[in-house]
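The next block holds one structure in the form of structure tokens; read it before the comments.
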Amino acid sequence: MADYKFDTLSLHAGQSPDARFGSRAVPIHQTTSYVFDSTEHAAALFNMEVGGHIYSRLTNPTVAVLEQRLAALDGGVAAIATASGMSALFVTVLALCSAGDHIVSSSQMYGANINLFEHTLKRYGIETSFVAPNDPQAIAGAIRPNTKMVFGEVIGNPGMDIMDVPAVAKITQAAGIPLIIDATFNTPWMVKPIELGANVVIHSLTKWMGGHGIALGGAVIDGGNFNWGQNDKFPMLTTPHFGYQGAVLWEEFGPAALSVRIRTEGMMNVGPCMSPQNAFYILQGLETLGLRMEKHMSNTAALLEFLVGHEQISWVKHPSLPDHPGHDTAMRLMPKGQGSIIACGIKGGRDAGRAFIESVQLASHLANVGDAKTLVIHPGSTTHSHLTSEAMASAGLTDDLIRISVGLEDQKDIIDDFKQALRTAGKLTAAKAKGTGA
Amino acid sequence: MRLTLNNTEIFASTGGRDFDPSGPVVLFVHGSGQSHLGFMLQHRFFANRGFQCITPDMPGHGLSKGEALTTIEAMADWYAHFIQALGITQATLVGHSMGGLIELELASRYPDLVAKAAFISTALAIPVNDALIDLAATKEGAAIGAMMDWGHGSAGHIHDHTMPGTSHMLYGSRLMAGNAPGTLHKDLVACNAYANGPAAAQSIYLRHLDCGLRPRPNDAP
């Protein structure tokens, strides 16, 4: 295969220069719909006999460049861009699961993922078993005859547990069900889950892929490497589809059957499409994904060196550290880098955490990850402030936990900011301890 | 459509429409390492315009069971058997690459079964480089990659495609990887060994010949 490398694909995949005006940048096709050449042309488009666009809820030329670039970067046969990472997950579930079906999911997921599975899907008759992502045998044990997918992340959020994707892929292959990986925290620059045996990849493009905190977006990437006809578990792909004149998608579209189902059902009937403007922003971000990821990794290594052993830091968690329980797996799967999220505990508990967060000057206190700028959050005083220490512990969090998303600033400036914020936090907690006589 | 032919379960796509063997039948003949999916758009296009389209996967290919046949002559006999089993009296054939060789041989051996023949990217002989044959035997994935490389122009190499959101290169790779192991090697050996093309072509009574050439974008003129 023409073996364009990652950085080349990041810049070029999915786009031939515009034929009419020669635009080198990807044009923003800010349009809802497309003029048909004739009634026959319209019929051919609707019957999926020729390529082209009908309506931007289904496809759009700017969004299609992004989709093809994502497919190329992750090694999938097709991709579908969505309004957010959450909607990418939802349209995937919609294509595979019906009432009475079952999902096995990592227990260490973003809260909205957990709520979707535990509460929303349950109302529609789809049950989920939550299992530790770093325990392949527990995943195998949770699979039932009606299980339709196993879902997890390479690097868990927020606990950074590592899934041994090749080991889990063997389990899902034996069970005849797909392995679906949310690859937001790793990006294809660190590891391509499809190459490890996963069948579908989901991204929140809002994070490292877009990389600048300016546009929400998500994507489903169809690996095209799952035999949907091997059993009778996936009737949405192996029996006539109401949305395409009764076409059996596995027979008609083969490796792209899932993506055709998602486009002709999830996107058609639910409609969480990405705007062309957001696709353009995310494409701009993707052009420098490799460069940015290298800097994210080197800045993370520098900040880890500062934090580990610091007198005010009680613990540091990152997959690159030898004491991380998933260290060996992380180094095997992601030798180029193990992500730019660091979790650490500040001595002095919840008060010290709050004081640190309020003292940072360069880092931004907000609820996102994967921005070009360094971000920090203290769940104990923000997202989880209503919980007791015991309740937080059951969610895998401690009240001294600070989550850092390491950005692209000069690493000395990041470290200096942390130094001064820790100094201030130390003074505040010392004064408070003195004042209360503790 | 699924049927049993020579004790092997065979799949044949009908372009998403019911198939009536008494109508004007267009039979698509796929190339080496390919399947009905290589004609995904074409068979839908013709099936929706009144043609009775039928695109079987040869044994070992696509959704058909069994092992790949080993000579072009055996493949031609297999297609003739398939046409007869479906009760088709005469078909228009559309063959791609190795499918073109099969079509030549089929038209030569069974002239009554063939109404018209269309050939896409084929020749009277398809000698195959030994290195590719060896690669197909030892590293099938690498052989598929090489064929994808040669088979696509510059737009394909950067994963541009008229079907929005699809990478034709990666789709093609998965399609070929979905065949039974060893199928590509057998097909390439069969192509390489076939020597009857010129004689078969001479034996066909030609009433009319259209020839269309469209270079790939960015190919040198």
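Chain naming here is simple, since letters A, B, ... match the order of the sequence lines and numbering starts at 1 in each.
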For this session: Tell me, yes or no, whether the heavy-atom count around Y55(A) atom OH, taken from other residues, nucleotides or ligands under 6.0 Å, exceeds 12.
Result: no
Exercise. So which of G156(B), A47(B), G165(B), A177(B) has the biggest tally of heavy-atom pairs under 4.5 Å with chain A?
Worked result: G165(B)
Exercise. Is a donor on one side and an acceptor on the other found under 3.5 Å between the side chain of N179(B) and the backbone of G33(B)?
Worked result: yes
For this session: Let me know if F11(B) has heavy atoms under 4.5 Å from chain A in its side chain, its backbone, both or neither.
Result: side chain
For this session: Say whether, by atom type as modelled, one donor and one acceptor occur between the side chain of N60(A) and the main chain of P276(A) under 3.5 angstrom.
Result: no
For this session: Find out whether Q52(B) and I88(B) are in side-chain contact, i.e. whether some heavy atom of one side chain is under 4.5 Å from a heavy atom of the other.
Result: no
Problem set entry | Y281(A), OH: over 12 other non-hydrogen atoms inside 6.0 angstrom | no
Problem set entry | Under 4.5 Å from any heavy atom of chain B - which part of A256(A) | both
For this session: Could you look at R17(B) and say if it's the side chain, the backbone, both or neither that has a heavy atom under 4.5 Å from chain A?
Result: neither
Exercise. Does any heavy atom of chain A fall under 4.5 Å from the side chain of H168(B), the backbone, both, or neither of them?
Worked result: neither
Exercise. Taking everything shown except D20(B) itself, do over 12 heavy atoms lie less than 6.0 Å from its CG?
Worked result: yes
For this session: Quick one: which of A64(A), A13(A), S16(A) has the most heavy-atom pairs under 4.5 Å with chain B, could you say?
Result: S16(A)
Problem set entry | E9(B), CD atom: more than 12 neighbouring heavy atoms under 6.0 Å | yes
Exercise. Got a donor-acceptor contact below 3.5 angstrom from the D74(A) side chain to the I194(A) backbone?
Worked result: no
Exercise. Is it the backbone or the side chain of R263(A) that comes under 4.5 Å from a heavy atom of chain B, or both, or neither?
Worked result: side chain
Exercise. Chain A contacts: which residues in residues 54-65 of chain B have a non-hydrogen atom closer than 4.5 Å to it?
Worked result: L63(B)
Problem set entry | Portion of Q15(A) that has a non-hydrogen atom of chain B nearer than 4.5 angstrom | backbone
Seminar exercise, completed: Residue from E251(A), E252(A), E49(A), R69(A) scoring the most non-hydrogen pairs under 4.5 Å with chain B is E49(A)
Exercise. According to the interplanar angle, ranging from 0 to 90°, do the rings of F46(B) and F28(B) count as parallel (below 30°), tilted (30 to 60°) or perpendicular (above 60°)?
Worked result: tilted
Problem set entry | Parallel, tilted or perpendicular, as decided by the 30° and 60° cut-offs, for the rings of W78(B) and F82(B) | parallel
Exercise. Should M267(A) and C273(A) count as side-chain neighbours, where that means a heavy-atom distance under 4.5 Å?
Worked result: yes
Exercise. Mind checking whether F39(B) and H96(B) have parallel, tilted or perpendicular rings, split at 30° and 60°?
Worked result: perpendicular
Seminar exercise, completed: If you tally heavy-atom pairs under 4.5 Å between each of A81(A), A247(A), A72(A) and chain B, the highest tally belongs to A72(A)
Seminar exercise, completed: Looking only at A44(A), G52(A), G229(A), most heavy-atom pairs under 4.5 Å shared with chain B are made by G52(A)
For this session: Answer yes or no: are there more than 12 heavy-atom neighbours, outside M268(A) itself, under 6.0 Å from its atom CE?
Result: no
Problem set entry | Largest heavy-atom contact set with chain B, pairs under 4.5 Å, which of G75(A), A71(A), G224(A) | G224(A)
Problem set entry | Engaged part of L9(A) at the chain B interface, taking heavy atoms whose separation is under 4.5 Å | side chain
For this session: Name the option with the most non-hydrogen atom pairs under 4.5 Å to chain A; the candidates are G178(B), S13(B), S35(B), G15(B).
Result: G15(B)
Problem set entry | Pick from T166(B), L175(B), T14(B) with the largest number of heavy-atom pairs that fall under 4.5 Å of chain A | T166(B)
